[in-house]
Amino acid sequence: MAGEPDAENVITILVASDLHLGYMEKDAVRGNDTIVSFEEILEIATERQVDMVLLGGDMFHENKPSRKILYQTMELIRKYCMGDRPCALDFLSDPAVNFPSRFGNVNYEDPNFNVSMPIFSIHGNHDDPSGAGGYAALDLLSVSNMVNYFGKASAVDSIEISPILLQKGRAKLALYGLGAIRDERLHRTFLDGKVKLLEPAEDAENWFHLFVLHQNRVKHGPTNYIPESFLPDVLDLVVWGHEHKSEIPPKKCDVRNLFITQPGSPVATSLCEAEAVPKAVGILSVSEDKRFKMEAVELKKTRPFYYDEIVLSEEAVEPHRPDDVEKLLVNKVREMLRRAKRDHEDRYKNAADIPEALLPLIRLKVEYSGGFSAINVQRFGGRFVSEVANPRELLNFYRKRAAHRPTAAGGAGDADEAGEAEEADRGGAAGRRDMSAAAVSARVEDLIASNLRQQELQILPQKSLGEAVRSFVDKEEKDAIKELVAYVLKRTQENLQKRVQPSANETDIAREVADQREHDVQLPTRARRAASPVRKTGKTSRAKAAPKGKRKARGAAASDDDDEEEEEEAEEEDDEEEHFSAQSQSSEPPSDEEAEVQRRAKGKQKAAPKKKPAAKAPAKAKVAAPAKSRAKAPTRAPAQGSKARGKGAVAAAAAAAAVSPAASPGKGVHDDPIEIVDSGDDSPPHRARKSTVKRDQEDGDFNPIARKGKSAATAATKRRKP
């Protein structure tokens, strides 16, 4: 770099992640640690006068933080982020696309607020959206205009990420965000090529592409992580959240032409080796021509954590003399406490006044193979109550696993052990698998699987039941299990009405129930969602985003990706559509009941009111925004001569021809702009108007034939936003 760039042409960003606000809030010693760390981060941002703060997920430790934590968080944001200092960032993208809410704006451009230092954040796996309406704690901060919450995917099987476009002088930043998604699902979506990143339409090569995500970086299983090879080369820098080890200096990716920085967590939530690394945040500076640098700033107010290991078989102690073993461990802990005292004095050796040292966190991992016995951890920690912050978790006893162990399939080796060791070194979720007596936390799904190993569920899907129980326990969703049972029962009853003849025996019924259970294994999470979101797709992974005033509509012909997705949707509803489609194509006149169903469907469709298109927002000066394809998915008519989309789509088209008004050549099935979305549960539909199936159920005249007909008609209609 020839020289330091002008400050007017440099975007400065404080980068942090995994604040876990509210962690251990009821602990008498550590209860305020997360709030202290958050305030220090905001103090650094204010002192450096950064343009914005970027958080990589898990701002809150719990999905439903307490009112005390919410109050303290909002108090700090108001204290440090509100003020008269103008924000120098020009917001160039469409805020309604980046922040899809009722207000749809970036907070520092709201005339009712004076925001001097905006915060941009995605959600993590601890504070992810859940419950009725699918809201996260960040939604509360967003609607109160304190945080710009972005990266919330509308669907997990097809993800389109539109960047936030920011500019300061000649420095341009395209900020991408993706909140936490279950690693197995996101891994599959990446493999299917359904994760698409839009690019600025103008001068895309001059924009600095920054991507923030919150996923496992280290492999836990075949698909329980996101490989770095999945990241597109268009990115310049990736901020990787969820991993707690602080690795601020960007490292060149081995398989992609990009850099990765890992902010880590400012608070130790798991007492593993990776958490003992000094806590820090990063100051990212982005200048013109995509040049950048990252500076690590160590946090001084965080509680110090010291970690060490000892192997008893390598020490001068005998297994049959437990008093000598305990004395050895006491001396080791004393040594770690003396090291903590020296470090505190060295940190403030040039300061006029040395502040009082915080009680440190101490963890001694003890390997006691070879005939040794574990001692009482609670009694051992009692002698250090006034010297450490975690007296009940001082020691972690473990036995060394065998290098090779036969498996049920006759194989050898423990494949997960190396992955756990590697992850603990990096500081991710494996570090949180701390196997101390107080920290053992088995997964709910594993507990259910182990208890049901001897007996198989007949109706409820085992995996979905595990997810419901986990939501009930971890996220306090009190109706999660009840909603799952109601949903599966409803689906099973409907399936039996359609497929099973009145003369069927118990064996046939049991077989159909088992088939339905396998079909519903991935559905309950979507069923509990308050509204089924609209899914947008792009043709390629590098679709272009056009500036405001130069928006271009996409072509009417459906892309291959759309064909494949519609085929999947059609196959899911194929059972409901096939029967009605056969009736529609039959030369025989319909029965009285079927004719009444078709007549009612026509009347409801003709009576549907037209929605007025939303008024266009006034264009801002010097603004470049995404193309219309980024704002909404346009209606596309099925092109003649296109490839087959599966028997479900053919049946849907035939059924639609029987129940909907005649469509003019070259146009869609109908021009009703109101979207009809049946979410499959008791929640309200995505738009203001109820689906036909829902109304029929409430009126008491619901029957399988009517559901089949209406599902076929609506399936043939291309979904679009008003």
State, yes or no, whether a side-chain contact exists between [X] and [Y] at a heavy-atom distance under 4.5 Å.
X	Y	value
Leu258	Leu231	yes
Asn148	Ser142	no
Val218	Tyr225	no

Item to complete: With sequence neighbours left out, write down each residue that passes side chain to side chain donor-acceptor pair (under 3.5 Å) with Tyr176, or none if nothing qualifies.
Response: none
Response to the item:
Contacts of His187 meeting side chain to side chain donor-acceptor pair (under 3.5 Å) (sequence neighbours excluded), chain-then-number -> none
Would you check if the side chain of [X] reaches a backbone N or O of [Y] as a donor-acceptor pair within less than 3.5 Å?
X	Y	result
Trp240	Gln215	yes
Asp18	Met59	no
Asp94	Ala96	yes
Asp58	Asn125	yes
Thr223	Glu184	no

Rounded to the nearest 0.5 Å, how far apart are [atom1] of [X] and [atom2] of [Y]?
X	Y	atom1	atom2	answer
Ile164	Leu54	CD1	CG	9.0 Å
Thr189	Ile226	OG1	CD1	8.5 Å
Ile159	Leu186	CD1	CG	5.0 Å
Leu138	Ser121	CG	OG	4.5 Å
Leu175	Leu210	CG	CG	5.5 Å
His123	Ile181	NE2	CD1	6.5 Å

Practice prompt. Identify whether the distance between the nearest side-chain nitrogen and carboxylate oxygen of Asp127 and Lys64 falls below 4.0 Å.
Written response: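 No.
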Worksheet item: Listed by chain and number, what are the side chain to side chain contact (heavy atoms under 4.5 Å, CB included) partners of Pro232, not counting sequence neighbours?
Response: Leu197, Val234, Leu235
Worksheet entry | Residue list, side chain to side chain contact (heavy atoms under 4.5 Å, CB included) with Val255, at least two apart or on another chain |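 Only Glu228, Ser229, Cys253 meet the side chain to side chain contact (heavy atoms under 4.5 Å, CB included) criterion with Val255.
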Worksheet item: By ring pair (Phe, Tyr, Trp, His ring centres under 6.0 Å), which residues pair with Phe259, not counting sequence neighbours?
Response: Phe292
For residues [X] and [Y], report the shortest heavy-atom separation together with the two atoms involved.
X	Y	value
Gly134	Pro129	O-CB, 3.2 Å
Ala174	Trp207	N-CE3, 3.9 Å
Ala204	His209	O-CE1, 3.2 Å
Gly241	Ser17	CA-OG, 3.5 Å
Gly124	His214	CA-CD2, 3.6 Å
Ala137	Phe60	CB-CD1, 3.8 Å

Worksheet entry | Pairing residues for Asp183 by the salt bridge (charged side-chain N to carboxylate O under 4.0 Å, His left out) criterion, not counting sequence neighbours |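 Per chain and number, Asp183 pairs via salt bridge (charged side-chain N to carboxylate O under 4.0 Å, His left out) with no residue.
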Practice prompt. Walk me through it: do Leu141 and Tyr149 pass the test side chain to side chain contact (heavy atoms under 4.5 Å, CB included)?
Written response: CA-CA 8 Å; Leu141 300 182; Tyr149 173 30; over 6 Å; no
Worksheet item: Side chains of His242 and Asn216: donor-acceptor distance under 3.5 Å anywhere?
Response: yes
Worksheet item: Angle class for the Phe99/Phe120 ring planes (parallel below 30°, perpendicular above 60°, tilted otherwise)?
Response: tilted
Worksheet entry | Derivation and outcome, side chain to side chain contact (heavy atoms under 4.5 Å, CB included), residues Thr261 and Leu237 | CA-CA 7 Å; Thr261 180; Leu237 178 64; 4.1 Å; yes
Practice prompt. Under the side chain to side chain contact (heavy atoms under 4.5 Å, CB included) rule, what do Leu198 and Ile161 come out as? Steps first, then yes or no, please.
Written response: CA-CA 6 Å; Leu198 304 182; Ile161 306 175; over 6 Å; no
Discussion item. Less than 6.0 angstrom separating the ring centers of His20 and His126, yes or no?
Written reply: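 Yes, they do, as the ring centres are separated by less than 6.0 Å.
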Item to complete: Apply side chain to side chain contact (heavy atoms under 4.5 Å, CB included) to the pair Leu178 and Ile122, showing each step before the final yes or no.
Response: CA-CA 7 Å; Leu178 181 61; Ile122 63 173; 6.0 Å; no
